[in-house]
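All heavy atoms count here, side chains included; hydrogens, waters and symmetry mates do not. Keep in mind that this is a model prediction, so the values were computed, not measured.
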Amino acid sequence: MSGRGKPRSVRAKSPEPAHAKNPVRAKSARQPPKEPVKDTKKETQQVTDEYNPKKTKEHKQPKRTTEEKAPVPQKCVEVKTGSRMVKKGYSVDSNPNKILFTTIEQLKIKKKQKSESASIVNDTVKHIMDHMKKCTECFKDVNDLRTGSYYENLKISNPDEFDVMLTVPVERVDIRPFGDVGAFYSVAFKRGKHSLDRFLCEDNTISASGMLTEFRNEVKKCVKILKGVYLEKKKKGCPAVTLLINGTGTVPISLDIVLGLEVRSSWPTFTQGGIDKIDIWLGTKVKKEQKLKGYYLVPKYEGKGTVEREDAWRISFSHVEKSILTNHGSQKTCCEASGTRCCRKFCLKLLKHLLGLLKAENPSLSKFCSYHAKTTLLHACCSRTQDSDWEAAQLGLCFQQLLEDFEGHLKDGMLPNFFIPKHNLLGSGHDRKSCQFLARRIEEERNNGFPIFRK
């Protein structure tokens, strides 16, 4: 028995034979099943400990073995429906979690890059806000709202994209829905004078296009003196003023400055049944706190049939999304030093990365964006509410479930806005054919061990 034990420990370090990759066949193989399982847990536990840099090399070892890397892309190319060849829910890798943790490690942003980019963005935003407060009348009360993936700690790969909303507070306004889904509105002042009166239309509503044009001109004026900062051409239907920043020693940065109205009143009736779902996830107290924060409106083109309207405002709850994703645990100690670490954010980062790779592979998928991935996660968190449902050690299983959720939305052509149930994010601009194609590609990747992550 002792003579046979040594060869087993040696074989466990080398790539496993093909028959050992299927959990069913592993029982009949000569290799003892317990040793690989023991290694898997060890590797999983090591990586979940907040990306310990000292242990990174262990997770990058599979990239050095060409035997493991080559066969996976071939199966996806040669077999049209890879799910028939590989048992659903399992990776062709001997350790299904390994490729996911390795990918997460590769997506991690270096602290130095992160710090340098943040410093440049902060200086640029401060300069713009100082200009607005001192040199303009209509934007003198502007405040900044830092939202988006960087500020939610969900940015991947490079700190090269930032979103900042500059908001103007408005009071005593009449919000009227444009359309029947509750995502777009017109805004009118009820009474009194306001610094935005110059942007009023004949029907007393605030002109979104007029206000955005003025805002863009003011941004253009103040960034002229900034070295390495350039204004990008306006994109139709885009509410952001995009700045390209080429800072010394950093990656080129794209900074989206979004104009917004801060509405300090109760949420529109179209939001009923939306955020209410977080009761069973984060609790009633958290829900009430979020709904007391008010909401924001950003200028956005919206068309309906033959009617085109450029003065619509799109409702935004990005501040609530940031708060929820920052404090995402059913227990307050989730992901804290004294608590249990979950994999909710890991799953979202992986889904964003997968979607980005598939879009690069097929430009016809350009209409799909990271907000679809974020919304899918929010819905999933309301279905699987406990922190134990998202244990970091179970990243492979949790990511599989999240992908199945996303596939289901794509196949149905229905992904409800998390805050506005009647607003389908896969409605306008997303045809059924592209939704079905993306669902099939995700399923192929999911059932064949994510070969796209190995390229």
Side-chain angles (χ1 to χ4, degrees), residues 125 128-129 131-145 147 163-223 231-243 255-271 294-319 420 423 428-429:
V125 172
I128 294 174
M129 288 189 64
H131 172 85
M132 296 294 180
K133 290 178 179 293
K134 296 176 182 178
C135 305
T136 70
E137 179 64 25
C138 50
F139 303 120
K140 64 181 180 180
D141 298 322
V142 72
N143 297 307
D144 66 317
L145 179 67
T147 59
D163 300 295
V164 176
M165 188 185 296
L166 297 187
T167 65
V168 179
V170 292
E171 297 179 356
R172 299 186 300 276
V173 290
D174 183 18
I175 307 297
R176 305 167 188 168
F178 174 68
D180 54 4
V181 297
F184 302 93
Y185 296 83
S186 62
V187 185
F189 290 114
K190 290 182 178 180
R191 60 186 180 276
K193 292 185 178 181
H194 198 280
S195 60
L196 302 179
D197 285 347
R198 59 183 293 187
F199 301 116
L200 294 180
C201 301
E202 293 181 358
D203 59 356
N204 205 39
T205 59
I206 303 175
S207 171
S209 58
M211 191 171 172
L212 181 57
T213 298
E214 181 75 12
F215 180 76
R216 181 181 178 85
N217 289 337
E218 292 298 335
V219 173
K220 185 177 181 179
K221 287 180 187 177
C222 68
V223 299
L231 185 69
E232 197 175 68
K233 290 184 178 180
K234 186 179 184 301
K235 298 176 183 177
K236 184 178 179 181
C238 179
V241 178
T242 303
L243 299 177
L255 172 60
D256 281 348
I257 306 290
V258 181
L259 171 67
L261 299 178
E262 181 184 358
V263 184
R264 299 168 180 173
S265 66
S266 58
W267 292 12
T269 55
F270 280 100
T271 61
Y295 57 93
Y296 296 88
L297 295 166
V298 298
K300 180 69 175 177
Y301 160 82
E302 172 64 1
K304 181 181 180 182
T306 58
V307 179
E308 294 183 356
R309 178 156 186 161
E310 294 185 349
D311 288 324
W313 296 83
R314 186 191 67 202
I315 195 167
S316 170
F317 296 98
S318 56
H319 60 306
I420 310 168
H423 182 212
S428 178

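- Looking at Val187 and Val263, their side chains never come closer than 4.5 Å, going by heavy atoms from C-beta outward.
- Take Asp141 and apply the salt bridge (Lys or Arg N to Asp or Glu O under 4.0 Å) test, not counting sequence neighbours, and it matches no residue.
- Val181 meets the side-chain contact (heavy atoms from CB on, under 4.5 Å) test with Ala183, His423; sequence neighbours excluded.
- Taking every heavy atom of both residues into account, Cys138 and Val168 meet most closely at O-CG1, 4.3 Å.
- Put simply, CG on Leu255 and CD on Glu232 are 11.0 Å apart, with the number rounded to the nearest 0.5 Å.
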Practice problem: Dump the intermediate steps for side chain to side chain contact (heavy atoms under 4.5 Å, CB included) on Val258 and Asp163, then the final yes or no. | Solution: CA-CA 7 Å; Val258 181; Asp163 300 295; 5.6 Å; no
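- Between Pro268 and Tyr185, the shortest heavy-atom distance links the atoms CB-OH, 3.4 Å.
- Taking NZ from Lys233 and OG1 from Thr242, the interatomic distance works out to 13.5 Å, rounded to the nearest 0.5 Å.
- The shortest distance between side-chain heavy atoms of Met165 and Ser316 falls below 4.5 Å.
- More than 12 heavy atoms of other shown residues, nucleotides or ligands fall within 6.0 angstrom of atom NZ in Lys133.
- In this structure a side-chain-to-backbone donor-acceptor pair under 3.5 Å is missing from Thr205 to Cys201.
- Interatomic distance, Ile175 CD1 to Thr269 OG1, rounded to the nearest 0.5 Å: 12.0 Å.
- Closest non-hydrogen pair, Phe270 versus Pro177, comes out as CE1-CB, 3.8 Å.
- Glu214 CD to Leu259 CG: the interatomic distance, rounded to the nearest 0.5 Å, is 11.0 Å.
- In plain terms, the two heavy atoms of Thr167 and Pro169 that are nearest each other are O-CD, 3.9 Å.
- Atoms CG and CG, on Asp144 and Leu166 in that order, are 6.5 Å from each other to the nearest 0.5 Å.
- In terms of modelled atom types and a separation under 3.5 Å, the side chain of Lys234 and the main chain of Val241 share no donor-acceptor contact.
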Practice problem: Decide yes or no on side chain to side chain contact (heavy atoms under 4.5 Å, CB included) for Phe139 and His131, but give the supporting numbers first. | Solution: CA-CA 9 Å; Phe139 303 120; His131 172 85; over 6 Å; no
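- Residues Leu297 and Ile315 share a closest heavy-atom pair of CD2-CA, 3.7 Å.
- A heavy-atom distance below 4.5 Å is found between the side chains of Val219 and Leu243.
- Using a 4.5 Å cut-off on side-chain heavy atoms (C-beta onward), Thr271 and Tyr295 make no contact.
- For Arg216, there are no salt bridge (Lys or Arg N to Asp or Glu O under 4.0 Å) partners two or more places apart in sequence or in a different chain.
- Scored by the salt bridge (Lys or Arg N to Asp or Glu O under 4.0 Å) test, Lys140 finds Glu137 as partners (sequence neighbours excluded).
- A donor-acceptor pair is defined here as one N or O able to donate and one able to accept, closer than 3.5 Å; no such pair exists between the side chain of Trp313 and the backbone of Phe184.
- Remark: Asp197 engages Phe189, Lys193, His194, Leu200 in a side-chain contact (heavy atoms from CB on, under 4.5 Å) (not counting sequence neighbours).
- The shortest heavy-atom contact between Arg176 and Asp203 is NH1-O, 4.4 Å.
- Considering CD1 of Ile206 and CE of Met211, their distance stands at 6.5 Å, rounded to 0.5 Å.
- Contacts of Arg172 classified as salt bridge (Lys or Arg N to Asp or Glu O under 4.0 Å), with partners at least two apart in sequence or in another chain: none.
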